[in-house]
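Reviewing the structure listed below.
Residue numbering restarts at 1 for every chain, and letters A, B, ... go by the order of the sequence lines. These values consider heavy atoms only, across backbone and side chains, with no hydrogens, waters or symmetry-generated copies.
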Amino acid sequence: MGASWKRTHDCGELRAAHAGATVVLNGWVNKRRDHGGIYFLDLRDRYGITQIVLPQKVAGDVKLGPEYVLSVRGKVTLRDGANINRERPTGEIEIAVEHVEVLSSSPVPPFPIEDEIDTALDLRLRYRYLDLRRGSLQRNLIHRSKFIQAMRRAFEREGFLDIETPILTKATPEGARDYLVPSRVHPGEFYALPQSPQIFKQLLMVSGLDKYFQVARCFRDEDLRADRQPEFTQLDMEMSFVDEEDIFGTWERVLQATMREACGVELESPFPRMTWDESMERFGVDKPDLRFGLELRDAKSWAADCEFQVFRNALAAGGRVMGITVPAALALSRKDITTLEDGAKALGAKGLAWWKAEKAGGAGPLAKFCVAPGSAERLMALMSASDGDTILFVADREAVVRKVLGDLRNQLGRKFSLAQSGTWKFTWVTSFPLFEWDEDSKRWFSAHHPFTAPVDWDLGGANADFAKLSSRAYDLVLNGWELGSGSVRIHRADVQQRIFEILGIGPEERQRKFGFLLEALSFGAPPHAGFALGLDRTSALTLGLDNIRDVIAFPKTASAADLMCGAPSQVAPEQLAEVHVRTAVEAQVAPEPKA
RNA sequence: GGGGAUGUAGCUCAAUUGGUUAGAGCGCUGCCCUGUCACGGCAGAGGUUGCGGGUUCGAGUCCCGUCAUCCUCGCCA
């Protein structure tokens, strides 16, 4: 026999059909309504809320405070018509209590445990275990769990092996800042936490495991954002004897199955694809939100011979003149335009030229340059504008034009609610630049990572313009969010050597930093490619959330602190000595605990 | 590292131009109430105005610094 306090049902499952049964429920006191002679109490667990009815004599002198944990035994009773609560699945019944046992008491919680809450985030994070009692956060975690489990099943069906890779690994010279872990056994040496399992999954391909996947925790010591935590979770995968088409096809099947099982959404495939160049040219960003139009348009052919010096100078200096046509239906006031211009200037634009388009000449700062015969018509045709539309122009270096107009487009999308929620516009963005020039160190860096295959194995030959080389890297973008990225890898030693030369990594340095990988690749590496999907972002996005904190049980603050457990924290001098570390920071008095 | 916002009761907020004893709702405590489910009624407790300086006859309010949280630029191969 089990203990008599153990539940026979959960707080969400009893219905009218259970009437008459004697049951035991366990849960937390959610709300109390004391009517003197009769006492109502809502008992809550992960599965729901059930109303408990206590005649006063049963409640007696036992205190049943908020968030107390109870075991209640009683009879499932049908409610009279007027007393049925139609808002609740369990609303047709209630429990007429015969016995109540307090399993655990509680102080009054620092904030109410309710679905909708406007409590300050730092307080919620300090008492995260209470925050997580709230139905809305529990539903988020349940969704995330369902999503990840569906994805695991899909990869298993595809023949992938779930293989774990080390958390204590080697510091990587490029990329994000590493989290370091001092070694006790090797004085003065450090492990690094993985930014991703990148190198290990390539080694697994060399090993012939063929198809690998893992739900992998990754660590990057960089500043946080709403969509970035210092530790985050990826669905990481790699395949052998494949090219990007196999990666795209696998992921499209996996995402279709996952979205169907976890979200009840049918995705169309194949997903659209566009090159990085196309994305930058049409949307100004490398993660376009395809739920709305407002694409960027090139005004060069009009601007080149117009009277507006700013436009002509920008072109003469090798820059661009581009614009966005805002349809008349989306009314922009002068004040709106001023606000948009302020935003544009903050991003580096010198100004925002605009024209209220009309064949008769229109209005706005640009109107006086559109008076020449045919000029207005020509510009309107170029910008796909009709009478009454407003066109916003930026003239500058290409990078500035794209950045400003890309941001402007997203702002307009938000302002006019153009992006419909519940719509899932996936797209692959391919052919990213292979290298990026770093002005500070005067050298080239890999845009993705140094093992990314170039589109052209010859790397453009002897006199190549490295800035123009493309890589076989790709991102998966959903509704304006970068969900993940991957690439076809270099499996040819000669190409890898050439990449290192261009990056300015000499033979000695190469050997020290990547020797084990290069050696492994020399032992018969299959052509391979992979991808990793950010599960925090994907979970959040499929729930319609704009902050990944809400799908992470124990997230960190913008300063990478855990307000609940107090990490990071100082450690005892003995602990530091053991790992051969001395801090450069003055020893400080430990801060007062905040409670 | 830079920019912006916020910080007043357990929680969410208010407090006129710098001016009396810093208020309200919710929650909490006590009493009353047999059909509530945002129960209702009466009464009550509860404050280092984030912290430290300064200006002033007088500071929640103005100034300087600092801390925390959020958003963001840089950063994130």
Side-chain angles (χ1 to χ4, degrees), chain A residues 30-44 49-57 59 63 65-67 77 79-88 90-91 94 96 107-114 116-127 130 172-178 195-196 198-199 218-230 232 342-343 346-348 403 407 432-436 438 440 444-452 471 473 482 485-487 499 503 505 513-514 534 546-547 549 555-561 563 591-592 594-595:
Chain A
N30 194 57
K31 281 267 185 186
R32 303 163 298 164
R33 293 174 293 279
D34 184 356
H35 287 247
I38 189 168
Y39 190 99
F40 299 101
L41 185 153
D42 290 336
L43 201 66
R44 182 195 73 237
I49 291 176
T50 299
Q51 175 164 284
I52 310 298
V53 186
L54 299 96
Q56 202 175 25
K57 63 181 171 154
K63 180 177 158 62
E67 299 308 309
T77 313
R79 301 200 201 177
D80 292 340
N83 290 328
I84 291 175
N85 183 344
R86 309 209 176 269
E87 307 289 308
R88 228 172 240 173
T90 60
E94 60 197 6
V108 177
F111 51 84
I113 311 298
E114 295 166 350
E116 298 306 321
I117 199 172
D118 49 8
T119 302
L121 189 65
D122 48 352
L123 192 72
R124 290 171 45 201
L125 289 178
R126 189 163 130 216
Y127 296 96
L130 296 181
T172 49
E174 295 190 54
R177 207 172 287 116
D178 285 317
Q195 297 176 25
S196 80
Q198 181 60 37
I199 288 173
C218 306
F219 306 86
R220 294 178 190 175
D221 187 3
E222 298 292 348
D223 286 345
L224 284 77
R225 290 287 187 281
D227 63 350
R228 265 165 38 191
Q229 285 268 317
F232 59 101
D342 290 344
L347 287 177
K403 185 177 181 184
D407 182 79
F432 278 71
L434 186 61
F435 299 115
E436 282 166 4
D438 180 61
D440 292 337
W444 294 98
F445 277 87
S446 290
H448 191 55
H449 59 61
F451 316 109
T452 304
S471 76
E482 180 202 322
S485 60
S487 62
I499 295 278
L503 294 176
I505 301 175
K513 291 175 174 170
F514 305 109
D546 53 16
N547 198 305
R549 222 172 8 234
K556 292 185 173 52
T557 67
S559 61
L563 295 182
E592 291 286 315
K594 297 177 191 168

Please list each protein N or O that sits under 3.5 Å from an N or O in nucleotides 28-32 of chain B, with the distance.
from	atom 1	to	atom 2	distance (Å)
B/C28	OP1	A/R32	NH2	2.7
B/U29	OP1	A/K63	NZ	2.8

**Asked** So what's B/G35 paired with, Watson-Crick or G-U wobble, going by both distances under 3.5 Å?
**Response** none
**Prompt:** What is the pairing partner of B/C42, taking Watson-Crick or G-U wobble pairs with both distances under 3.5 Å in any strand?
**Reply:** B/G30
Using the side chain to side chain contact (heavy atoms under 4.5 Å, CB included) criterion, which residues pair with [X]? Sequence neighbours excluded.
{"X": "A/D407", "answer": "A/L347, A/Q411"}
{"X": "A/D34", "answer": "A/Y39"}
{"X": "A/P555", "answer": "A/L125, A/R128, A/Q229, A/R549, A/I552"}
{"X": "A/R228", "answer": "A/R225, A/R537"}

So [X], base contact, sugar-phosphate only, or nothing? Heavy-atom distance under 4.0 Å.
{"X": "A/F445", "answer": "nothing"}
{"X": "A/R549", "answer": "sugar-phosphate"}
{"X": "A/N547", "answer": "sugar-phosphate"}

Inter-nucleotide [atom1] distance ([N], [M]), Å rounded:
{"N": "B/G4", "M": "B/C64", "atom1": "P", "answer": "12 Å"}
{"N": "B/G35", "M": "B/G25", "atom1": "P", "answer": "26 Å"}
{"N": "B/U49", "M": "B/G40", "atom1": "P", "answer": "33 Å"}
{"N": "B/G46", "M": "B/G10", "atom1": "P", "answer": "11 Å"}
{"N": "B/G74", "M": "B/C67", "atom1": "C1'", "answer": "23 Å"}

Which residues pass the side-chain hydrogen bond (donor to acceptor under 3.5 Å, both in side chains) test with [X], sequence neighbours left out?
{"X": "A/D438", "value": "A/S441"}
{"X": "A/K513", "value": "A/E509"}
{"X": "A/E222", "value": "A/R177"}

**Message:** Quick test of your reading of the model: are A/R33 and A/D42 salt-bridged, counting only N-O distances below 4.0 Å?
**Reply:** yes
Strictly under 3.5 Å: I want the nitrogen or oxygen pairs between protein and nucleotides 43-47 of chain B, one per line.
none

**Partner residues of A/K556 under the salt bridge (Lys or Arg N to Asp or Glu O under 4.0 Å) criterion, sequence neighbours left out** = A/E231
**Item:** Residues forming a salt bridge (Lys or Arg N to Asp or Glu O under 4.0 Å) with A/R44, sequence neighbours excluded
**Value:** A/E67
**Proximal nucleotide (of B/C37, B/C39, B/G74) relative to the A/H35 side chain** = B/C39
**Over 12 foreign heavy atoms within 6.0 Å of CG, A/D546** = no
**Complete:** To the nearest angstrom, the CD-P distance between A/E114 and B/C37 comes to 15 Å
**Item:** Base-contact (B) and sugar-phosphate-only (S) positions in nucleotides 7-15 of chain B, heavy-atom cut-off under 4.0 Å, - elsewhere
**Value:** ---SSS---
